[in-house]
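These numbers come from the heavy atoms of this one structure, side chains and all, not from hydrogens, waters or symmetry mates. The residues of the chain are indexed from 1 along the displayed sequence.
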Amino acid sequence: MNRILYLILLALIIVSCSKSDDNDNNNQYIPNVTFDTGNLVNTNLPQYSQLKYANNHVVLNNNYGINGVVIYFAGGTNYSAFELSDPNHPLSECSTLSVEDVIATCNCDDGNNYDILSGNIQPGTTGQYALKRYYVEVLGDIIRVYNN
C-alpha cells in the first residue's frame, strides 16, 4: 500500500512540474522573442575584444532581441545580457535604451535607468519591471547569448 501511495505522489509531483519560467516575468511591454547569437560574439575579434576585460560591455544591434542586447562582463566568468528596451514602457522609438558605463537609460521623457550588471531598476525609475535578462553561455572565446 505504501508503495502505491509513493508512486501516486511521485507521479503528481512530476506532472505538476513545468518548464522554468525564471526568464518570463509576464511583462506586457516586452514580447518574448527567440534568437541565438551562435558563435558571432568571439572575443578574439576586435569589435568584441573588450569583453575579455572586466567592467566592459558590448551592444548588439536589433538583429538580436527587440531593440538590441547589451552584454556586460563583470569579471571571472560573470557575463550578463539584457534587452535594450525599457520594460516599463510600450515599445516605441523612445523606449530603446542607451548605455553609458553600467547604466542603461530610456530615451523617453521620464529617463528610466537600469543597472546592466543586474538589470535592476535605479532610484527614480517609474515602473515595476527590471530589464529582461537573456541567457549567456561562455565556450572558450565565444559568448553565446540566446532566448528560447
Side-chain angles (χ1 to χ4, degrees), residues 9-148:
L9 185 59
L10 182 62
L12 286 173
I13 291 172
I14 291 171
V15 170
S16 67
C17 292
S18 65
K19 180 183 170 197
S20 173
D21 62 354
D22 291 344
N23 201 32
D24 182 15
N25 59 8
N26 296 318
N27 186 324
Q28 64 184 341
Y29 301 125
I30 307 293
N32 195 31
V33 296
T34 301
F35 71 91
D36 191 336
T37 62
N39 61 2
L40 170 81
V41 182
N42 182 333
T43 58
N44 289 324
L45 297 173
Q47 63 267 40
Y48 305 114
S49 64
Q50 61 267 36
L51 291 176
K52 289 183 176 184
Y53 308 102
N55 302 317
N56 282 302
H57 71 276
V58 168
V59 173
L60 303 179
N61 63 26
N62 61 0
N63 291 330
Y64 302 98
I66 300 163
N67 284 315
V69 174
V70 62
I71 304 170
Y72 183 80
F73 178 46
T77 59
N78 298 315
Y79 289 88
S80 55
F82 295 99
E83 170 61 42
L84 284 176
S85 298
D86 189 325
N88 293 299
H89 283 284
L91 293 176
S92 67
E93 285 189 34
C94 76
S95 67
T96 299
L97 300 173
S98 301
V99 180
E100 186 173 325
D101 295 322
V102 296
I103 302 297
T105 303
C106 177
N107 294 312
C108 296
D109 290 339
D110 57 13
N112 288 344
N113 292 304
Y114 305 88
D115 181 308
I116 62 170
L117 177 59
S118 65
N120 290 334
I121 294 172
Q122 295 297 291
T125 295
T126 57
Q128 64 182 2
Y129 297 110
L131 292 178
K132 179 171 179 65
R133 181 181 295 273
Y134 292 126
Y135 299 102
V136 177
E137 180 179 62
V138 180
L139 305 165
D141 295 322
I142 305 296
I143 301 168
R144 176 180 170 226
V145 179
Y146 62 98
N147 190 45
N148 48 345

Does atom CG of Asp109 have more than 12 heavy-atom neighbours from other groups under 6.0 Å away?
->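 Open.
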Supply the atom-to-atom distance [X] [atom1] to [Y] [atom2], rounded to the nearest 0.5 angstrom.
| X | Y | atom1 | atom2 | answer |
| --- | --- | --- | --- | --- |
| Arg133 | Ser80 | CZ | OG | 6.0 Å |
| Asn113 | Glu100 | CG | CD | 10.5 Å |
| Thr37 | Asn63 | OG1 | CG | 11.5 Å |
| Asn67 | Ser85 | CG | OG | 3.5 Å |
| Asn39 | Asp141 | CG | CG | 11.5 Å |
| Ile30 | Leu91 | CD1 | CG | 5.0 Å |

Take Thr43 and Ser49 through the test side chain to side chain contact (heavy atoms under 4.5 Å, CB included) and record every step on the way to the result.
-> CA-CA 4 Å; Thr43 58; Ser49 64; 5.8 Å; no
Given the rule in the ring-ring contact (aromatic ring centres under 6.0 Å, His included) test, do Tyr134 and Tyr64 qualify, once you have shown the distances and angles that lead to the verdict?
-> CA-CA 10 Å; Tyr134 292 126; Tyr64 302 98; over 10 Å; no
Please determine if Arg144 forms a cation-pi arrangement with Tyr146, meaning its NZ or CZ atom is less than 6.0 Å from the six-membered ring centre and no more than 45° off the ring axis.
->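 Yes; both conditions hold, so Arg144 lies above the ring face of Tyr146.
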Nearest non-hydrogen partners of Pro87 and Asn27, listed with the distance |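 Smallest interatomic distance, heavy atoms only, reads O-ND2, 2.7 Å.
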Can you name the nearest heavy-atom pair linking Ala54 to Gly75, along with the distance?
->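 Taking Ala54 first and Gly75 second, the nearest heavy atoms are CB-CA, 3.7 Å.
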For a 4.5 angstrom cut-off between non-hydrogen side-chain atoms, does [X] reach [Y]?
| X | Y | value |
| --- | --- | --- |
| Asp110 | His89 | yes |
| Ile142 | Val41 | no |
| Cys108 | Asp86 | no |
| Ile103 | Ile116 | no |
| Val99 | Leu84 | yes |
| Glu83 | Leu131 | no |

Test item: [X] side-chain N/O and [Y] main-chain N/O as donor-acceptor pair under 3.5 Å:
| X | Y | result |
| --- | --- | --- |
| Asn42 | Asn44 | yes |
| Asn147 | Val33 | yes |
| Asn107 | Ser95 | no |

Might you work through the side chain to side chain contact (heavy atoms under 4.5 Å, CB included) test for Ile71 and Val145, ending with a clear yes or no?
-> CA-CA 8 Å; Ile71 304 170; Val145 179; 3.6 Å; yes
Does the pair Val70 and Val58 meet the rule for a side chain to side chain contact (heavy atoms under 4.5 Å, CB included), with working shown?
-> CA-CA 6 Å; Val70 62; Val58 168; over 6 Å; no
What do you reckon, Cys106 and Cys94 SGs under 2.5 Å?
->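 No, because the SG atoms of Cys106 and Cys94 are not under 2.5 Å apart, which misses the disulfide cut-off.
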side-chain contact (heavy atoms from CB on, under 4.5 Å) involving Ile121 - partner list, sequence neighbours excluded =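 Testing Ile121 for side-chain contact (heavy atoms from CB on, under 4.5 Å), a comparison that skips the adjacent residues, returns Asn88, Tyr114, Thr125.
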Taking the six-membered ring where the residue is Trp, are the ring centres of Tyr72 and Phe82 under 6.0 Å apart?
->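 Not under 6.0 Å, so no.
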Check against side chain to side chain contact (heavy atoms under 4.5 Å, CB included), Leu51 and Ile143 | CA-CA 9 Å; Leu51 291 176; Ile143 301 168; 3.9 Å; yes
How are the rings of Tyr79 and Phe73 set to each other: parallel, tilted or perpendicular (split at 30° and 60°)?
->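 Rings of Tyr79 and Phe73: parallel, under 30°.
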